[in-house]
Amino acid sequence: MTETRTATTASAIMLTSVNPVSGEPIGSWAIDDAAAVDAAVERARSAAQQWRDLGFAERKKALRRWAAQIINNVDEFCALITAENGKPTDDAYLEVILAVEHMNWAGANAHKVLKPKKVRPGLLMANIEAVIEQRPHGVVGVIGPWNYPVYTPTGSIAYALAAGNTVVFKPSELTTAIGHWFVDAFTAANPALPQGILSVVTGPGDTGRALVESGVDMIAFTGSTATGKRIMEAAAQRLTPVVLECGGKDAAIVAEDADIPAAADAIVWSAMANSGQTCVGTERCYVVESVLKEFLVEVTARVGELTPGTSYGPMTLPSQIDVVAEHVGDALAKGATAVFGGSESINAPFVGPIVLLDVPEDSTAVREETFGPTLTVRGVRDVAEAIELSNASRYGLASSVYSRKRGTEIARALRVGATSINSPLSYGGIPALPFGGVGESGIGRIHGAAGLLGFSRPHSIARQRFAIPGMALQSFARTEQTMQLVRKITARRFGRAK
Ligand code: NAD
């Protein structure tokens with residue numbers, strides 16, 4: 001069951017990606033070793049000045065041309081996404097348009113968010129003009145996963161480019177063809193721009209490690225928590241800044257006043273779409289006891305209508321099937337009830353929907369990322385217990401809340417980076433909302449103004465406009481009278497609490 005989806009040849013220099021259902025090869029590429037990665041970073045560095053000097057308006061146009069190139073060839077792109085990742089074509093299309101929305105937003109808002117801003121210098125520095133200028137980091141290395149191979153890297157790539165960085169992108173080894181198509185679309189849309197503004201490097205984790213160690217000025221990583229920790233450790237050697245978008249174990253809370261059929265519909269989609277291989281998909285569900293029975297009836301009816309292979313695709317990463325099997329087996333062994341499906345639903349490369357009731361909180365199905373079309377459901381006394389159990393996780397990526405009246409109140413009590421109320425995952429489709437987790441779900445933010453700021457660094461500029469005679473504090477010519485005056489003013493300003 002755990003055969004790898006990428007194969008290397010005997011000389012170990014080629015990578016072949018395959019269709020997760022048929023096993024047919026999609027393409028083969030030479031693996032980029034450390035020298036090849038360094039060369040790509042060097043090209044990106046050579047292009048950096050020209051890209052930065054283009055300014056916000058021209059970079060916005062380049063991003064729009066990229067978006068147009070993708071949308072004008074979207075059927076070809078979606079067919080490739082379906083072939084290499086396995087997701088249904090409509091899901092591929094939704095992923096692509098979300099990515100394009102982000103490209104558009106990043107390009108359109110970069111100037112507003114990152115333009116120089118004057119700030120008040122304060123009384124002591126009244127003769128100084130104080131300005132914050134945001135500068136791009138330089139070359140950003142982006143490392144992506146396979147589950148949303150277009151949408152997730154776009155959240156880093158588009159924002160990094162809009163902020164004036166050049167980018168070297170290492171897609172997942174499982175979705176290399178998609179990564180190449182995506183980057184080639186940028187080049188095709190912008191033939192007049194120098195090479196190296198956005199380029200791709202190919203290979204497995206070792207290629208990613210080489211990118212982290214290459215001396216790039218920032219790393220933006222999306223993938224598992226285990227890899228995120230390794231990347232942070234490697235980046236620490238040079239104090240390279242990182243944004244880490246890692247795994248999750250997202251909870252949904254269903255309150256007693258929820259619209260139960262609507263909540264069941266949203267939660268089933270969130271848990272099962274993309275065969276559950278969604279970082280922010282619902283994996284745990286806490287339902288107030290008084291509505292649990294009705295909720296289970298609605299959930300069961302909906303999952304009963306799903307057909308693996310049509311409603312959602314295969315498990316893209318074969319070894320993940322073993323993880324799903326282990327979590328389901330552990331839950332059942334510890335006394336959980338299979339409300340729908342069970343171990344028999346696992347039929348590689350597909351996994352049918354599995355709904356488990358009363359899974360002990362210490363089992364892997366509740367504590368670890370399952371990343372399959374599974375849902376654990378637990379009845380709780382009240383919303384307070386649901387919040388406590390939701391927060392009792394080392395992860396803290398996102399969450400959802402279903403309640404007619406208390407949605408915002410419940411959302412505020414959750415220790416996560418994002419919450420959707422009465423809808424699944426809607427924050428991810430709103431480019432202005434920052435995205436990222438807390439705890440072991442990661443650090444830093446992509447998307448929104450926070451994302452643009454994260455792909456830049458503030459440069460503080462303090463310019464003396466005129467000298468104040470006799471008030472030189474930062475000079476050996478400072479006088480006793482000046483200090484007496486400063487002491488008097490300071491005592492007046494801060495000596496009394498209002
Ligand atoms: P992964 O961690 O196995 O791999 C992610 C990327 O890191 C791949 O490109 C891989 O080649 C590379 N990599 C592996 N080892 C590396 C190393 N030592 N140094 C540098 N790069 C290395 O993750 P995956 O299986 O591709 O993706 C699934 C995971 O991603 C899940 O945990 C999921 O929750 C998470 N994810 C998170 C988000 C988010 O926004 N938080 C979004 C999508 C997926």
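Just so it is clear, the model here is predicted, and its values are computed rather than measured. All ligand and atom numbering here is 1-based and tracks the order in the structure.
- Looking only at protein heavy atoms, the nearest one to atom 10 (C) of ligand 1 is Glu173 OE1, 3.5 Å.
- Relative ring orientation between Phe371 and Trp146 is described as perpendicular, the plane-to-plane angle rising above 60° on a 0-90° scale split at 30° and 60°.
- For atom 17 (C) of ligand 1, the nearest non-hydrogen atom of the protein is Gly205 O, 3.7 Å.
- In terms of protein heavy atoms, atom 36 (N) of ligand 1 is closest to Cys279 CB, 3.5 Å.
- Of the protein's non-hydrogen atoms, the one nearest atom 26 (O) of ligand 1 is Trp146 CD1, 3.0 Å.
- With a 4.0 Å cut-off on non-hydrogen atoms, Pro204 touches ligand 1 through its backbone and not its side chain.
- Of all the heavy atoms of Pro171, the ones lying under 4.0 Å from any atom of ligand 1 belong exclusively to the backbone.
- Listed by number with element, the atoms of ligand 1 under 4.0 Å from a non-hydrogen atom of Phe221 are 2 (O), 5 (C), 6 (C), 7 (O).
- Across the listed options Gly436, Gly144, Gly223, Gly208, Gly144 owns the non-hydrogen atom lying nearest to atom 6 (C) of ligand 1.
- For Leu211, no heavy-atom contact with ligand 1 is shorter than 4.0 Å.
- For residues 194-205, there are no salt bridge (Lys or Arg N to Asp or Glu O under 4.0 Å) pairs, not counting sequence neighbours.
- Outside the 6.0 Å centre-distance limit, the rings of His447 and Tyr427 are not counted as a close aromatic pair.
- Sparse packing is recorded around CZ of Arg64, with 12 or fewer heavy atoms of other residues, nucleotides or ligands lying under 6.0 Å away.
- Of all protein heavy atoms, the one lying nearest to atom 15 (N) of ligand 1 is Thr227 CG2, 3.4 Å.
- Here the protein heavy atom with the shortest distance to atom 28 (C) of ligand 1 is Phe371 CE2, 3.8 Å.
- When only non-hydrogen protein atoms are considered, atom 37 (C) of ligand 1 lies nearest to Cys246 O, 3.1 Å.
- Between Phe186 and Trp181, the ring center distance fails the sub-6.0 Å criterion.
- If you number the atoms of ligand 1 from 1 as listed, the ones under 4.0 Å from a heavy atom of Thr152 come out as 42 (C), 43 (C).
- Considering backbone and side-chain atoms alike, Ser441 places every N or O at 3.5 Å or more from each N or O of ligand 1.
- Protein heavy atom in closest approach to atom 40 (O) of ligand 1: Phe435 CE2, 3.1 Å.
- When each atom of ligand 1 is checked for a heavy atom of Ile231 under 4.0 Å away, the hits are 19 (N), 20 (C), 21 (N).
- Residue contacts with ligand 1: Glu369 is placed with a nitrogen or oxygen under 3.5 Å of a nitrogen or oxygen of the ligand (distance criterion only).
- With Glu369 contributing its side chain and Gly248 its backbone, the two residues share a donor-acceptor pair below 3.5 Å.
- In this structure, of Val280, Val212, Asn147, the residue bringing a heavy atom nearest to atom 44 (C) of ligand 1 is Asn147.
- Atoms of ligand 1 lying under 4.0 Å from any heavy atom of Leu397, numbered from 1 in the order shown and given with element: 41 (N).
- A heavy-atom separation below 4.0 Å is not found between Gly442 and ligand 1.
- Side-chain atoms of Val377 and Leu375, non-hydrogen and from C-beta on, do get closer than 4.5 Å to each other.
- Ligand 1 has no N or O atom lying under 3.5 Å from any N or O atom of Thr225, backbone or side chain.
- Using a 4.0 Å cut-off between heavy atoms, Tyr148 makes no contact with ligand 1 at all.
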